[in-house]
S.K.: 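Take this structure, written in structure tokens, and hold onto it; I'll ask about it next.
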Amino acid sequence: MQDQSRDALGSLPPAGARDFYTPSARTAYALMLLSPALFSSNMVVARATADYMPPIALAFWRWAATFLIVAAVTGPSLWRARRRVAAEWRDLTALGALGMGVCGAFVYFGAHTTSGANIGIIYATSPVFIIVLGRLLYDETMSRRQLAGVALAIVGVVAVAVRADLDALAGLAFTVGDFWIFGAAIGWAFYSILLLHRPSALGLNERLGGMILGALIVMLPFVVGEASITGHTPPLEWRTIGWLGLLAVVSSYGSYQVYALVQRSLGAGRAGVILYLNPLYSAVLAWALLDEPIAAYHLIGAALILPGIWLATHR
């Protein structure tokens with residue numbers, strides 16, 4: 001289990017951390033209800049921009065805009081920590097490539113051919129893959145209950161991917177988008193495992209800034225390659241700026257800060273409940289904002305995946 005003395009990014013508490021704002025338990029529970037909406041906004045933007053925003057470019061510019069926010073908020077401390085950032089550049093680059101590159105661009109690729117509800121439900125299996133990877137890579141123990149939860153969640157993913165249609169399962173009628181989201185969920189699991197087992201001496205925002213820099217460096221050649229191959233770049237217009245601003249302020253920096261506050265008050269275990277709520281929020285937001293219907297197979301998948309996640313991760 002993760003060391004409770006570490007924060008949401010696996011960092012050691014920086015000097016003066018005791019002076020940081022820690023919300024009351026009542027406020028933290030209210031923020032817990034807000035946090036999934038902030039995270040799930042990324043799924044909605046992915047669907048809303050799928051027809052005109054190249055996926056890698058969207059991921060790149062989203063995190064470039066987020067870095068500007070981080071620099072504006074903690075620029076001086078980030079500059080003072082530059083030597084520690086340089087010392088941890090390998091970890092920061094790997095974490096950024098996984099958590100912001102793979103988990104960003106893969107979702108945007110998937111949004112072209114799958115629904116916002118599917119994105120939320122399939123992505124919610126990340127905690128299950130964290131358990132599996134912990135067992136495979138670091139020999140972490142798995143109980144029978146956890147194994148049952150993993151199996152139940154996998155069945156739920158398959159139910160969503162084939163639209164609860166056994167004929168589709170026999171014909172392997174999965175959409176390409178479902179596979180992209182599946183890959184993003186696995187990428188997030190690798191990211192989370194590395195956060196747990198590769199601790200940092202950097203503060204919360206300093207480590208976030210370092211990971212974003214690493215992600216931007218890794219993504220830059222892919223952005224150039226995407227533009228040269230497709231001849232398509234994000235149009236410079238107000239709606240592009242608006243979507244990128246929403247992603248940077250709400251889906252990236254805002255969701256991260258709110259989650260960190262919840263974790264600081266309630267601990268990592270209870271804060272993890274947020275992961276269980278994300279698919280429900282994604283489905284409702286997609287229905288409300290994108291007019292995507294909530295189908296029976298979404299409910300079947302959620303009814304299998306959410307208990308499976310609980311069984312696999314509950315301590």
Side-chain angles (χ1 to χ4, degrees), residues 1-3 6-11 39 42-43 46 55-56 59-60 62-63 66 88-111 119-142 146-147 149-151 153-154 156-157 161 177-200 202 204 207-222 251-252 255-256 259-260 263 268 271-272 274-276 278-279 305 308-309 312-313:
M1 182 178 293
Q2 185 172 357
D3 185 349
R6 298 185 185 278
D7 57 36
L9 280 182
S11 305
F39 278 114
N42 182 49
M43 317 297 180
I56 302 177
F60 179 87
R62 165 196 177 181
W63 287 106
T66 305
E88 297 182 20
W89 73 269
R90 291 181 179 84
D91 284 352
L92 295 173
T93 301
L95 288 166
L98 286 169
M100 295 152 191
V102 170
C103 298
F106 278 30
V107 169
Y108 302 143
F109 275 114
I119 293 173
I121 291 173
I122 296 174
Y123 209 102
T125 58
S126 290
V128 174
F129 293 121
I130 292 171
I131 295 292
V132 173
L133 289 174
R135 171 61 177 170
L136 294 177
L137 300 179
Y138 294 99
D139 201 28
E140 295 178 357
T141 59
M142 289 182 67
Q146 287 177 310
L147 289 172
V150 169
I154 290 173
V157 170
D178 292 332
F179 283 113
W180 280 113
I181 305 306
F182 190 73
I186 295 175
W188 183 261
F190 274 106
Y191 168 80
S192 300
I193 285 291
L194 286 177
L195 280 180
L196 179 63
H197 291 279
R198 302 292 295 179
S200 172
L202 292 167
L204 195 70
R207 196 180 195 195
L208 176 62
M211 287 193 296
I212 294 175
L213 277 177
L216 294 177
I217 292 170
V218 170
M219 284 192 285
L220 182 58
F222 291 97
S251 307
S252 301
S255 63
Y256 163 79
Y259 181 78
Q263 191 182 61
I274 290 171
L275 293 170
Y276 309 156
N278 283 345
I305 292 172
I309 294 172
T313 61

S.K.: Would you please name every residue forming a side chain to side chain contact (heavy atoms under 4.5 Å, CB included) with I186, sequence neighbours left out?
M.R.: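 Scan of I186 (side chain to side chain contact (heavy atoms under 4.5 Å, CB included), adjacent residues dropped) gives F129, F182, F190.
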
S.K.: What pair of heavy atoms forms the shortest contact from E88 to L202, and how long is it?
M.R.: OE1-CD1, 3.7 Å

S.K.: Scan for side-chain hydrogen bond (donor to acceptor under 3.5 Å, both in side chains) pairs involving residues 91-110, sequence neighbours excluded, and state none if there are none.
M.R.: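 Every pair satisfying side-chain hydrogen bond (donor to acceptor under 3.5 Å, both in side chains) with a residue in residues 91-110: N42-Y108, R62-Y108, D91-R198.
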
S.K.: State, to 0.1 Å, how close G110 and I181 come at their nearest heavy-atom pair, and which atoms those are.
M.R.: CA-CD1, 4.0 Å

S.K.: What is the minimum heavy-atom distance between W63 and I212, and which atoms define it?
M.R.: O-CG2, 3.4 Å

S.K.: I need the minimum non-hydrogen distance between V107 and A184, along with the two atoms involved.
M.R.: CG2-CB, 3.9 Å

S.K.: For residues 97-106, run the donor-acceptor check on the side chains, cut-off 3.5 Å, and write out each pair with its distance to 0.1 Å, sequence neighbours left out.
M.R.:
none

S.K.: Suppose we screen for ring pair (Phe, Tyr, Trp, His ring centres under 6.0 Å). Which residues come up paired with F109, at least two apart in sequence or across chains?
M.R.: W180

